[in-house]
Amino acid sequence: MTARGLVYKGPAATVRFLSWVAPLAILAALWEALSQSGLVNKSVLPPFSEVVQQIVSMIIGGELALQLSVSLYRALIGFVVGATIGVIIGVTMAMVPIVRRCVYPLVTLTYALPKSALIPIALLWLGVGDSSVILCVVFGAAVPLIINSFHGAESVPEVQIWSAESMGASRARVFFSVILPSALPQILTGLRMSLPLSFILVISAEMVASFVGIGNFIFAFGNAGSYSSMFGAIIMVMAVAFAIDQFLKFISAYLLRWTESESSHV
Amino acid sequence: MSKVTIRNRTDVAKGGLLRRLAGRGIFLYPIIVVLIVWECVARFGGFPPTMLPPFSVVAEQFVSLLISGELIAVTAVTLQRAALGLVIAILVGVPVGLAMSRSKLAKWFFEPLVSFGFSTPTITLLPVFILWFGTGYLSEVLLVALSCFFTIALSTYDGAKNVSTVIVWSAQAMGTRERDLPHRIVLPAAITFIFAGIRVALPLAVIIAVLAEMIGGGGGLGYMLMYGYRFLDAPSAFAALLAILLLGLLIDQALLWSRRIFLPWEADANEK
């Protein structure tokens with residue numbers, strides 16, 4: 001039944017949200033039941049309620065925010081530097097053939113190399129600390145962006161470039177008004193790939209060589225035996241990562257609203 | 001746009017080994033240049049050998065490890081973990097993905113879990129697995145399995161979802177039972193997407209396996225990397241890095257090759 005002039009758009013947003021959250025809630029309930037009932041050893045699977053308690057106290061105590069901000073800081077700096085380098089290299093590769101022939105083989109190699117394998121090497125070079133982590137993130141963020149921006153810039157329809165040039169556009173104008181917008185979807189895909197990757201790299205690096213940061217935070221709890229805090233920290237990290245991903249999806253949907261594309265949920 | 005493909009094998013073989021090598025050679029020049037630069041910088045740049053060993057030293061170490069069989073053993077450990085985890089992920093992920101595409105209830109239940117898990121760093125769960133299963137084999141295999149599960153489930157779901165309904169209707173019209181549909185109709189049609197998912201998941205499996213080894217220990221290439229770092233044995237660390245790189249390249253080639261065998265109609269679509 002539709003009111004005249006109105007189209008039924010499906011259940012309200014809140015209902016959709018709740019229905020999406022429901023399976024997670026079911027899992028949480030199962031978790032609580034499993035733990036409280038004693039079926040699973042409490043030290044191995046602390047009750048969900050206890051975990052939530054710890055999360056709250058960590059948030060209030062401010063330690064969670066501190067550790068998270070350290071990790072995020074590293075991830076963001078590495079991401080920004082790496083992404084910028086990546087886009088510059090990628091687009092240059094697409095526009096200048098010599099650069100492409102020189103750099104492409106190297107890019108293929110670095111693509112095959114998991115950037116997390118660089119963590120011990122970075123540690124060898126720069127020791128334990130911010131810079132080694134950031135170095136890894138720079139590499140990790142740059143490579144997907146090189147590839148994506150290269151493909152994006154490469155696939156600009158030549159007709160568009162020619163039309164712009166025939167209408168008197170300068171090289172710079174062509175670049176900013178034709179190539180860049182056309183490559184934007186691919187570049188955004190690359191960004192969407194490398195931001196979570198940066199975050200993952202930071203956490204991995206912190207777990208590998210324990211020093212300040214959320215990765216270490218989690219491990220420290222594990223070693224100290226306070227498992228409910230450990231679970232709590234892990235859940236918070238996952239929530240933050242998820243939030244970042246959703247945020248990125250939202251932003252790219254907004255920036256790309258003029259493109260025609262089938263919506264994909266990945 | 002599809003490129004011109006080699007028409008038949010004899011064409012290439014006749015075309016001349018030399019010509020093929022030369023074609024490949026151009027690809028290698030930049031790499032060789034980088035290696036030469038590496039060697040010079042390492043020898044004359046004043047870096048301590050524990051930080052940046054010259055490429056020749058690394059290569060030497062690599063070859064000696066290869067000959068002594070140690071490298072193969074170590075790689076085998078890592079590969080075993082990755083393969084086992086991947087197999088588990090496929091065994092669980094494909095049915096889940098198929099179920100998600102056919103049953104609304106399954107979709108409602110699994111979609112939040114899978115998309116939540118997909119965008120989170122699964123490595124954060126390693127401490128949990130270590131808590132439950134101890135350090136070593138099982139926890140790392142399961143971590144690999146979990147990480148790959150999300151990718152595989154999602155791509156299976158994507159693929160199964162996109163199976164042309166016409167195909168499904170024809171099958172139904174010809175009397176296929178509802179419960180036969182998944183494995184006789186949807187699965188073969190979705191195999192392309194599933195394979196794409198595996199293509200992404202396989203390197204992921206290796207990466208997670210190496211990462212888990214770096215953190216949790218227990219042999220394998222990741223452990224060798226960390227060992228090199230801890231004992232300042234840079235040549236070993238770099239040799240392990242080289243091994244990982246080669247492994248990644250080999251795996252990708254193997255995947256492309258197996259795709260050509262199992263899904264020959266896909267071969268031209270995208271080789272990269």
Side-chain angles (χ1 to χ4, degrees), chain A residues 19-24 26-27 43-45 101-106 108-121 123-125 147 151 196 199-201 203-204 207-209 214-215 218-219 221-223 227 230-231 233-234 237-242 244-246 249 264-266, chain B residues 26-31 33-34 47 50-52 108-113 115-128 130-132 154-155 158 203-204 206-208 210-211 214-215 221-222 225-230 232 234 237-238 240-241 244-249 251-252 272:
Chain A
S19 133
W20 190 89
V21 169
L24 295 170
I26 294 181
L27 265 187
S43 60
V44 157
L45 186 68
R101 251 177 289 142
C102 287
V103 176
Y104 194 69
L106 299 171
T108 321
L109 274 188
T110 31
Y111 181 72
L113 179 72
K115 316 307 167 295
S116 33
L118 291 171
I119 296 177
I121 307 287
L123 286 173
L124 260 179
W125 287 349
I147 295 181
H151 281 132
F199 201 41
I200 294 178
L201 271 176
I203 298 186
S204 316
M207 281 191 178
V208 166
I214 201 80
I218 295 177
F219 251 100
F221 279 133
N223 290 335
Y227 297 124
M230 184 179 88
F231 274 96
I234 291 180
V237 169
M238 296 184 87
V240 168
F242 181 68
I244 291 179
D245 189 57
Q246 292 295 95
K249 238 196 280 197
S264 58
H265 56 81
V266 172
Chain B
I26 297 197
F27 187 79
L28 285 174
Y29 290 169
I31 302 179
V33 168
V34 166
F47 290 102
T50 47
M51 246 178 66
L52 187 65
W108 171 84
F109 184 69
F110 281 112
E111 181 164 23
L113 302 178
S115 50
F116 183 73
F118 183 77
S119 48
T120 56
T122 26
I123 193 73
T124 34
L125 287 167
L126 182 61
V128 173
I130 293 184
L131 172 65
W132 289 347
L154 264 177
S155 36
D158 245 344
L204 185 67
V206 174
I207 293 176
I208 304 271
V210 169
L211 201 52
M214 283 200 281
I215 301 176
L221 282 167
L225 261 176
M226 284 309 290
Y227 169 86
Y229 158 66
R230 289 218 173 94
L232 292 181
F238 275 91
L241 190 68
I244 295 178
L245 176 63
L246 289 174
L247 189 64
L249 284 172
I251 289 183
D252 204 44
K272 173 65 175 136

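A, B, ... follow the sequence lines: proteins, then strands. Residue 1 opens every chain. Atom set for the values below is all heavy atoms of this structure, side chains included, hydrogens, waters and symmetry mates excluded.
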Worksheet item: Looking at B:Ile207, B:Ile251, B:Leu204, which has the largest count of heavy-atom pairs under 4.5 Å with chain A?
Response: B:Ile207
Worksheet item: How about A:Thr110 and B:Leu245: do any of their side-chain heavy atoms sit closer than 4.5 Å?
Response: no
Worksheet item: Side chain, backbone, both or neither: which part of B:Leu211 has an atom under 4.5 Å from a heavy atom of chain A?
Response: side chain
Practice prompt. Could you pull out all residues at least two apart from A:Trp125 that satisfy side chain to side chain donor-acceptor pair (under 3.5 Å)?
Written response: none
Discussion item. What's the separation between atom OG1 in B:Thr124 and atom CE in A:Met207, rounded to the nearest 0.5 Å?
Written reply: 6.0 Å
Discussion item. I'd like to verify something: which residue of A:Ala241, A:Pro120, A:Pro196 has the highest number of heavy-atom pairs under 4.5 Å with chain B?
Written reply: A:Pro120
Worksheet entry | Residue selection (most heavy-atom pairs with chain B, distance under 4.5 Å) from A:Leu106, A:Leu123, A:Ile203 | A:Leu123
Worksheet item: Would you say B:Thr120 and A:Asp245 make side-chain contact, with heavy atoms under 4.5 Å?
Response: no
Response to the item:
Honestly, the part of B:Pro203 sitting under 4.5 Å from a heavy atom of chain A is neither
Discussion item. Less than 4.5 Å to any heavy atom of chain B: does that hold for the side chain of A:Ile244, its backbone, both, or neither?
Written reply: neither
Worksheet item: Which atoms form the tightest heavy-atom contact between B:Arg230 and A:Val208, and what is the distance?
Response: NH2-O, 4.5 Å
Discussion item. Rounded to the nearest 0.5 Å, what separates atom CG in B:Leu249 from atom CG in A:Leu113?
Written reply: 9.0 Å
Practice prompt. To the nearest 0.5 angstrom, please state how far the SG atom of A:Cys102 sits from the CD1 atom of B:Ile31.
Written response: 12.0 Å
Worksheet item: Can you list the steps and then say if A:Phe231 with B:Leu131 is a side-chain contact (heavy atoms from CB on, under 4.5 Å)?
Response: CA-CA 11 Å; A:Phe231 274 96; B:Leu131 172 65; 4.1 Å; yes
Worksheet item: Heavy atoms, side chains only, cut-off 4.5 Å: are A:Pro23 and B:Phe110 in contact?
Response: no
Discussion item. According to side chain to side chain donor-acceptor pair (under 3.5 Å), who are the partners of B:Thr122, at least two apart in sequence or on a separate chain?
Written reply: B:Ser147
Worksheet item: Which atoms of B:Val34 come close to chain A, meaning under 4.5 Å heavy atom to heavy atom: side chain ones, backbone ones, both, or neither?
Response: side chain
Item to complete: Report yes if some heavy atom in the side chain of A:Pro114 is under 4.5 Å from a heavy atom in the side chain of B:Ile244; otherwise report no.
Response: yes
Item to complete: Taking all heavy atoms of A:Ser204 and all of B:Ile215, pick out the closest pair and write down the distance.
Response: O-CD1, 4.4 Å
Worksheet entry | B:Phe238 side, atom CZ; A:Leu124 side, atom CG - distance, nearest 0.5 Å | 6.5 Å
Discussion item. What's the separation between atom CD1 in B:Ile123 and atom CD1 in A:Ile234, rounded to the nearest 0.5 Å?
Written reply: 10.5 Å
Worksheet item: At a heavy-atom separation under 4.5 Å, does A:Met230 approach chain B through its side chain, its backbone, both, or neither?
Response: side chain
Discussion item. Heavy-atom pairs under 4.5 Å with chain B: which of A:Ile121, A:Val237, A:Ile119 has the most?
Written reply: A:Ile121
